[in-house]
Amino acid sequence: MENKVKRIGVLTSGGDAPGMNAAIRAVARTAQYLGIDCVGIRRGWNGLINGDIMPLDGHSVNGIINRGGTMLYSARSAEFMTEEGQMRAVQTCKFLGIDGVVAIGGDGTFRGCLDLSRHGVSVIGIPGTIDNDIACSHYSIGFDTACNTAVDAVDKLRDTMQSHERCSVVEVMGHHAGHLALYVGLAVGATAVLVPEKKYDFEQDVLEKIRTARLAGKTHYMVIVAEGVGSAMDVAKEIADATGLDPRVTVLGHVQRGGTPTARDRVTASRLGYLAVRALAEGKTNRIACIQHGDYVDVDMEEGLAMKKSLSELSLAALDAFTGA
Ligand code: F6P
């Protein structure tokens, strides 16, 4: 098969996620394997606008599969949102002979892909975000590592909460989505979990859970709050006012975005990176390399962006059964 692209660029954009490096490595190695020239585009779409690129052969990605962050840096580009910025990026592609781009990131990154493809550059997106909120893909690179980081932190918190018989309110990331909070809540055996996808009743979903746990003999309580619900501080204050408990608040923050990627994230990133370059080589464009029903597939980018993702009903129901005990 003759490659339909000659020179591709790979970039990471939006919030970084553990496993992005593994995806970059997979793109560079697959390109070399197929005989396609590959460059790294630094600092997201800004790098494409400014021609901020670096050569990326199979050798230059040695030793990164196990590293968190992204060797290409990441950014959110306001300039790329403008027609002028997009035209500059297209000019850079023409000038540098880049006829295909692999963009690793979230929804915002993929919207950037659409803009670029309208101007004739082939693009494939790879879901990379700890939020796991890319609707067309069951899984996004970084989610597993972020879950494990958060679970590890909450387990540590539990030790001291248990010793002092306290209530802990932990805020986890997720932007507008509650996937991270739901998984973390299930994994740590939380007393209560609040996610933006499910309207909650404070009395029933928090206070009653704490009361039931107390009646069952528990003397410490772990409440997980997705950032999309609001501030953990506010939730803690409400708990304090209603119960007389003196909760401690922990906002896990950006620590959830760092760290050595888990095997799951490395392998997923490697497969998606391979799939993305193969798709470009076959002449595909405007696709998102993703996972559906356990299969690695590519879907139309506009269709993918129009999809909606909800939380697993089973997980939510199970959570309701497990909490407050
Ligand atoms: O999208 C990933 C994410 O970490 C979200 O969970 C969070 O809301 C946001 O990025 C934080 O972004 P920033 O790095 O700009 O603070």
Side-chain angles (χ1 to χ4, degrees), residues 11-24 42-47 67-81 103-113 125-154 169-185 187 193-198 224-235 249-262 264-265 268-269 272 288 290 304-305 307-311:
L11 62 84
T12 47
S13 167
D16 65 349
M20 280 184 163
N21 275 326
I24 294 166
R42 284 183 286 230
R43 301 177 178 86
W45 298 116
N46 286 337
R67 282 179 32 210
T70 159
M71 67 170 283
L72 293 176
Y73 307 99
S74 192
R76 296 186 174 97
S77 172
E79 196 178 353
F80 193 71
M81 309 286 264
I104 309 163
D107 278 355
T109 308
F110 300 156
R111 274 184 257 283
C113 288
I126 295 180
T129 163
I130 65 161
D131 302 338
N132 202 22
D133 61 349
I134 309 295
C136 62
S137 191
H138 173 71
Y139 187 80
S140 300
I141 298 166
F143 180 65
D144 188 54
T145 308
C147 280
N148 280 292
T149 301
V151 166
D152 191 42
V154 175
V169 182
V170 181
E171 184 179 307
V172 300
M173 277 190 169
H175 201 215
H176 298 305
H179 302 277
L180 200 52
L182 177 65
Y183 266 62
V184 172
V193 180
L194 302 181
V195 291
E197 291 86 347
K198 189 168 174 271
I224 307 290
V225 181
E227 67 171 338
V229 165
S231 154
M233 281 291 192
D234 296 341
V235 173
V249 174
T250 306
V251 179
L252 292 182
H254 291 81
V255 72
Q256 295 160 102
R257 290 230 301 252
T260 304
T262 59
R264 180 177 185 186
D265 277 326
T268 307
L272 289 172
I288 302 175
C290 58
L305 279 170
M307 289 179 189
K308 297 266 175 284
K309 190 174 194 174
S310 51
L311 295 181

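Both ligands and their constituent atoms are indexed starting at 1 by order of listing. If you read the sequence from its start, that first residue is 1, and numbering goes on from there.
For the side-chain hydrogen bond (donor to acceptor under 3.5 Å, both in side chains) test, no residue two or more places apart in sequence or in another chain qualifies with Arg67. By the ring-ring contact (aromatic ring centres under 6.0 Å, His included) test, Phe110 pairs with no residue at all, sequence neighbours left out.
With a 6.0 Å cutoff to the six-membered ring centre and a 45° limit on the axis angle, Arg43 counts as a cation-pi contact of Tyr73.
Nearest approach of Asn21 to Gly68, heavy atoms of both residues: ND2-O, 3.1 Å. The minimum heavy-atom distance linking Gly304 with Ile288 is given by the pair CA-CD1, 4.4 Å.
For atom 7 (C) of ligand 1, the nearest non-hydrogen atom from the set Glu227, His254, His176 comes from Glu227.
Here the heavy atom of the protein found nearest to atom 4 (O) of ligand 1 is Arg257 NH1, 2.8 Å. Of the protein's non-hydrogen atoms, the one nearest atom 15 (O) of ligand 1 is Arg76 NH1, 2.6 Å. Annotation: atom 2 (C) of ligand 1 to nearest protein heavy atom, Asp131 OD2, 3.3 Å.
Side-chain contact check for Thr262 and Asp144: at least one donor-acceptor pair (N or O, by modelled atom type) lies under 3.5 Å.
Heavy-atom proximity to Gly174, at under 4.0 Å, picks out these atoms of ligand 1: 6 (O). Of all atoms in ligand 1, numbered sequentially from 1 with element shown, those under 4.0 Å from a heavy atom of His175 are 5 (C), 6 (O), 8 (O). Within the listing of ligand 1, atoms 4 (O), 6 (O) sit less than 4.0 angstrom from a heavy atom of Met173.
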